[in-house]
2 protein chains.
Amino acid sequence: MNTSRPRGSGRPTLTRTDGALLRVLVVDDDPDLAEVLSGALRYDGWQVRTAGDGVSAVAAARELLPDAIVLDVMLPDTDGFAVLRSLRAVRPDVCVLFLTARDAVEDRIAGITAGGDDYVTKPFSLEEVVARLRGLLRRAGMARQSEEGPRLTVGDLIMDEEAHEVTRGGELVELSPTEFELLRFLMRNPRRVLSKAQILDRVWSYDFGGQAHVVELYISYLRKKVDAGRSPMIHTVRGAGYVLKPVAR
Amino acid sequence: MNTSRPRGSGRPTLTRTDGALLRVLVVDDDPDLAEVLSGALRYDGWQVRTAGDGVSAVAAARELLPDAIVLDVMLPDTDGFAVLRSLRAVRPDVCVLFLTARDAVEDRIAGITAGGDDYVTKPFSLEEVVARLRGLLRRAGMARQSEEGPRLTVGDLIMDEEAHEVTRGGELVELSPTEFELLRFLMRNPRRVLSKAQILDRVWSYDFGGQAHVVELYISYLRKKVDAGRSPMIHTVRGAGYVLKPVAR
DNA sequence: GCAACCTCTGAGCCCGCTCTCAGTGACCGA
DNA sequence: TCGGTCACTGAGAGCGGGCTCAGAGGTTGC
């Protein structure tokens with residue numbers, strides 16, 4: 001009970017329709033990456049388990065009966081597709097999110113995703129993985145979310161995650177991909193100071209070697225588009241980070 | 001004074017959901033620093049244990065099964081991340097607070113805050129370490145706090161630690177980082193006289209060489225912002241220190 | 001193959017924050 | 001009443017965090 005409770009604060013709860021935690025199996029042969037991924041997912045409210053190769057993945061799946069799988073296409077023993085076939089035998093309706101190199105066999109991926117599954121290309125940002133996974137579950141009708149639909153709302157700022165559309169006070173705000181991800185992360189954590197390191201870890205790819213300076217830059221972009229000529233919602237907390245807040249009444 | 005007594009007067013209680021004391025493992029190869037840290041944490045209501053290197057850290061963790069770990073990234077035998085992997089094997093959901101040098105290779109910090117873990121850079125203030133650790137536990141839903149949420153309240157003075165927001169009588173009070181930390185320390189110890197030395201030890205970094213005079217200065221800043229034109233809550237006890245009290249009715 | 005866009009780096013500027021110094025006021029014991 | 005200590009506050013120097021601009025390099029789409 002104590003340790004399994006996902007988190008205290010005001011995040012939307014992520015549970016199965018039967019009330020239990022959603023279970024995900026992370027399959028990747030890079031232990032560092034698997035660790036970071038599972039950390040992010042655990043923090044996002046999932047019950048996580050990891051496997052480093054195809055054989056142990058199938059074994060783990062039999063035991064865990066996961067609702068979703070994050071699956072690296074390149075595995076040391078078999079390829080991800082063979083693993084998937086075995087997994088589907090265990091649990092036909094499982095959602096799968098593939099991890100793949102940028103220019104790897106697009107055609108096979110395309111065939112797979114036609115079935116409702118999804119993929120992200122390496123290097124990815126954790127925010128992207130988590131969002132995609134949530135999207136999969138939502139579309140499969142497996143998750144019961146406290147707020148229905150793919151809508152994020154903070155004050156008069158509204159983000160439609162599926163349509164990739166953001167409006168403030170009804171007016172459309174056009175964002176670049178990175179700006180969008182950054183805003184999504186902020187909107188998922190309203191009224192909470194997020195450090196530049198946190199933002200960097202979640203919004204930028206895990207292999208990004210750059211400095212925290214980029215975060216300042218993109219915050220400045222966002223301000224121009226989101227706060228332009230309006231009461232600001234994005235606030236700087238000197239020495240700590242940034243907060244997104246609805247305008248005080 | 002007595003470091004073994006978890007806490008004195010009106011502090012919010014800090015216990016596990018099963019009612020036991022929260023357990024923390026402090027891992028640092030500097031015995032002085034480890035001692036100071038464990039003293040501060042014990043005083044804050046934790047059951048503390050220390051280790052000086054990676055091997056004994058893992059051994060201690062197996063025995064103690066800590067709820068949280070304060071972990072120096074630079075260890076004599078291995079680096080903190082390898083230790084973390086072993087520790088996670090013992091207890092996957094443990095909260096970790098990393099200690100790191102200011103500009104020591106930001107790259108190896110990459111990814112750690114993504115899982116909900118956090119870090120502070122040396123030199124840090126004890127108040128910061130304790131606050132971050134509490135934040136970690138709170139977010140992980142592990143701590144049962146007497147008052148729910150990240151709110152600190154003394155009279156009509158309210159501090160939202162997550163949003164870094166302070167209000168008095170509903171009015172927003174804007175504070176600099178140091179002012180914020182000082183006020184947090186006062187608010188954690190209401191109705192209790194705190195000496196300048198105590199304040200210096202808790203709120204300023206452990207390597208701060210300055211005089212107790214800064215405390216007076218910052219108390220004066222706080223008064224201007226918190227007590228401005230209102231009945232004072234910050235009182236001087238001549239020869240002893242300062243107290244924060246709700247205004248007497 | 002070109003244009004438009006996006007992402008990130010580097011440099012420079014500004015301003016808030018921190019702390020030192022110094023001067024004044026408050027309190028206390030003799 | 002007086003001297004001494006303790007506390008408060010104003011002024012200002014120095015520093016560093018944060019913002020913005022300009023531009024290079026890469027990618028996408030036509």
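Being a predicted model, the structure only gives us computed values, none of them experimental.
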Quick one: which of V203(A), L37(A), D201(A) gives a side-chain contact (heavy atoms from CB on, under 4.5 Å) with L126(A)?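 For L126(A), the side-chain contact (heavy atoms from CB on, under 4.5 Å) check succeeds only for L37(A).
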Among all residues two or more places apart in sequence or in another chain, which pass the side-chain contact (heavy atoms from CB on, under 4.5 Å) test with [X]?
X	result
T153(A)	I158(A)
P76(B)	D29(B), D53(B)
P246(A)	V154(A), R191(A)

Rounded to whole Å, please give me the gap between [atom1] in [X] and [atom2] in [N].
X	N	atom1	atom2	result
E174(A)	dA4(C)	CD	C1'	14 Å
L182(B)	dC19(C)	CG	C1'	15 Å
L200(B)	dA7(D)	CG	P	14 Å
F180(B)	dC17(C)	CZ	C1'	16 Å
H235(A)	dG18(D)	NE2	P	16 Å
F208(A)	dT7(C)	CZ	P	11 Å

What protein N or O atoms touch nucleotides 22-30 of chain C N or O atoms at under 3.5 angstrom, if any, and at what distances?
{"unit_1": "dA22(C)", "atom_1": "N6", "unit_2": "H213(B)", "atom_2": "NE2", "d": "3.4"}

What residues from residues 216-231 of chain B pass a heavy-atom cutoff of under 4.0 Å to DNA chain C? L217(B), Y218(B), Y221(B)
Between R88(B) and D117(B), does any side-chain N to carboxylate O distance fall below 4.0 Å?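 Here R88(B) pairs with D117(B) in a salt bridge, since their nearest N and O are under 4.0 Å apart.
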If we check salt bridge (Lys or Arg N to Asp or Glu O under 4.0 Å) with K122(A), which of these qualifies: D30(A), D72(A), D207(A)? D72(A)
Which nucleotide sits closest to the side chain of W204(A): dC19(D), dG18(D), dC8(C)?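 That would be dC8(C).
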Closest to the K196(B) side chain, choosing from dC6(C), dA7(D), dC8(D): dA7(D)
For F81(A) and F98(A), I'd like to know if the aromatic rings sit close, meaning centre-to-centre distance below 6.0 Å.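 When the ring centroids of F81(A) and F98(A) are compared, they turn out to be within the sub-6.0 Å range.
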Ring pair (Phe, Tyr, Trp, His ring centres under 6.0 Å) against Y218(B), all qualifying residues, sequence neighbours excluded: W204(B), Y221(B)
